[in-house]
Amino acid sequence: MKSLRLSRTVISGAAAVILPVTLGVMAPQAFADTASAPADPYGPACASVPKEGSGSLTGMAKDPVATAASNNPELSTLTAAVKKAGLVDTLNNAKNITVFAPSNEAFAKIPKADLDKLLADKAQLTKVLTYHVVGEKLTQQQLEKGSFKTLEGGTLTTAGSGDSITVNGTSKIVCGSVPTANATVNIVDTVLMPPK
C-alpha cells in the first residue's frame, strides 16, 4: 500500500515537472518568428531596395554577404570593388559579421580620379574594404553608442538613436540591419577611410 502511494506521489510530482518543461519548450517554438527574429531593416534607403527577387531584402537574406550585395543594384560599385580586391570568398565564408556597405552614391562622392586610383591599388583597396567589416553581428542597439574593431585592424565608432545612426561621425546608415545568410549589412552613404 505504501509503495502504491509512493508511486502515485512520484508520478504526480513528475507530471508537475514535465508539464511546465513541455510548455516551456513549446512556447519558444510558437513565438520563434517574433522573439528570435532579427531586427527589421530601417532607414530611408530601404525603400529603394528591390521589392522582390534576389536583390530584395528577402532575397538577400538567403545568400552569403558578397553574393547578396551583388544582387542589389544599389551596391554595384561595392561589388566591383570587392571582386577587384579578391574578397568575395573571404566575405562569403566569414561567419556572423557586420558589413558597413557603401552605396553607389557613397562611392560617387569620391572624385573619379581618386576612385580610379583606389580601384587600381589592390593593397589599398583591400585595406579600405576590410575597414568596413566587423567580426561580429551588431544589433541596432549596439550601434547607438559603440566602438568596434574592424578586420582591417582599425576602429569604427557609431553613435545616434533609432533610425538615425552615424559611423565615424560623418557616414550615415541609410538602410540598416539588412540580413544575409552570414552577415548583417548596414548600407552607408559615405565610404569609410581607415586611419593612416
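If you read the sequence from its start, that first residue is 1, and numbering goes on from there.
For the pair T98 (side chain) and E136 (backbone), a donor-acceptor distance under 3.5 Å is present. Judged purely by atom type and a 3.5 angstrom limit, N104 uses its side chain to pair as donor or acceptor with the backbone of S76. Counting only distance, with no hydrogens or angles, the side chain of T79 and the backbone of L75 share a donor-acceptor pair below 3.5 Å. Here the side chain of H132 pairs a donor or acceptor atom with the backbone of L192 at under 3.5 angstrom. With hydrogens and angles ignored, the 3.5 Å screen pairs no side-chain donor or acceptor of N182 with any backbone N or O of P64. In this structure a side-chain-to-backbone donor-acceptor pair under 3.5 Å is missing from S171 to V167. Side-chain atoms of T166 do not come within 3.5 Å of backbone N or O of T170 as any donor-acceptor pair. One N or O on the side chain of N72 and one on the backbone of E74 form a donor-acceptor pair closer than 3.5 Å. N92 places a side-chain N or O within 3.5 Å of a backbone atom of A66 that can act as its donor or acceptor partner. In this structure a side-chain-to-backbone donor-acceptor pair under 3.5 Å is present from N168 to T157.
Within a 6.0 Å radius of CD in E105, no more than 12 heavy atoms belonging to other residues, nucleotides or ligands are found. Counting non-hydrogen atoms of other residues, nucleotides and ligands closer than 6.0 Å to NZ of K145 gives a total of 12 or fewer. Within a 6.0 Å radius of CD in Q141, other residues, nucleotides and ligands contribute more than 12 heavy atoms. The environment of NZ in K137 is crowded: more than 12 heavy-atom neighbours from other residues, nucleotides or ligands sit within 6.0 Å.
Taking 4.0 Å as the cut-off between side-chain N and carboxylate O, D116 and K112 count as a salt-bridged pair.
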May I have the step-by-step check of side-chain contact (heavy atoms from CB on, under 4.5 Å) for K84 and V82, ending in yes or no?
-> CA-CA 6 Å; K84 272 185 177 286; V82 166; over 6 Å; no
Should I173 and F100 be marked as a side-chain contact (heavy atoms from CB on, under 4.5 Å) after you check the CA-CA gap, both sets of side-chain angles, and the distance that decides it?
-> CA-CA 8 Å; I173 294 177; F100 294 88; 4.2 Å; yes
CA sep, side-chain torsions, deciding dist, call: D121, K117, side-chain contact (heavy atoms from CB on, under 4.5 Å) | CA-CA 6 Å; D121 184 341; K117 187 178 173 185; 5.8 Å; no
Kindly determine whether V134 and L156 satisfy side-chain contact (heavy atoms from CB on, under 4.5 Å), including the steps that lead there.
-> CA-CA 9 Å; V134 173; L156 290 176; 4.1 Å; yes
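Residues L115 and F107 meet the side-chain proximity criterion, which asks for heavy atoms closer than 4.5 Å. The shortest side-chain heavy-atom distance between P179 and P41 falls under the 4.5 Å cut-off. Proximity of V178 to N186: side-chain heavy atoms (C-beta onward) are nowhere separated by under 4.5 Å. Put simply, the side chain of N71 reaches to within 4.5 Å of the side chain of D63, judged on heavy atoms. Counting heavy atoms from C-beta on, the side chains of E144 and T158 never come closer than 4.5 Å.
Y131 and L118 are not part of a single hydrophobic cluster, where members link through side-chain heavy atoms under 4.5 Å apart. Each of V188 and V133 belongs to its own hydrophobic cluster when Ile, Leu, Val, Met, Phe, Trp and Tyr are linked at side-chain heavy-atom distances under 4.5 angstrom. Criterion: ILVMFWY side-chain heavy atoms under 4.5 Å apart, direct or through other members. Under it, V65 and L138 are not part of a common hydrophobic cluster. Cluster membership check: I187 shares its hydrophobic cluster with L87, using side-chain heavy-atom separations under 4.5 Å among Ile, Leu, Val, Met, Phe, Trp and Tyr. A single hydrophobic cluster is seen to contain both V99 and V49, as judged by linkage of ILVMFWY side chains at heavy-atom distances under 4.5 Å, directly or through other members.
Listed here is the closest heavy atom pair of V185 and A101: CG1-CB, 3.8 Å. Annotation for M60 and A68: closest pair O-CB, 3.6 Å, computed over non-hydrogen atoms. Taking both residues in full, the closest heavy atoms of K122 and G86 are given as CE-N, 4.4 Å, listed atom of the first, atom of the second, then distance. Between G154 and E152, the shortest heavy-atom contact is N-OE1, 2.9 Å. Considering all non-hydrogen atoms of both residues, T155 and S147 come closest at CG2-OG, 3.0 Å. Heavy-atom minimum distance, P50 versus G55: CD-O, 3.6 Å.
Note that the CG atom of D163 and the OG atom of S177 stand 9.5 Å from one another [nearest 0.5 Å]. To the nearest 0.5 angstrom, T130 atom OG1 is 9.5 Å from L125 atom CG. Atom OG of S103 and atom CG of L78 lie 9.5 Å apart (nearest 0.5 Å). Between L129 atom CG and Q124 atom CD the span is 10.0 Å, to the nearest 0.5 Å. One distance of note links OG of S164 with NZ of K172; it measures 7.0 Å at 0.5 Å rounding. Annotation: the span from I97 atom CD1 to T180 atom OG1 amounts to 7.0 Å, rounded to 0.5 Å.
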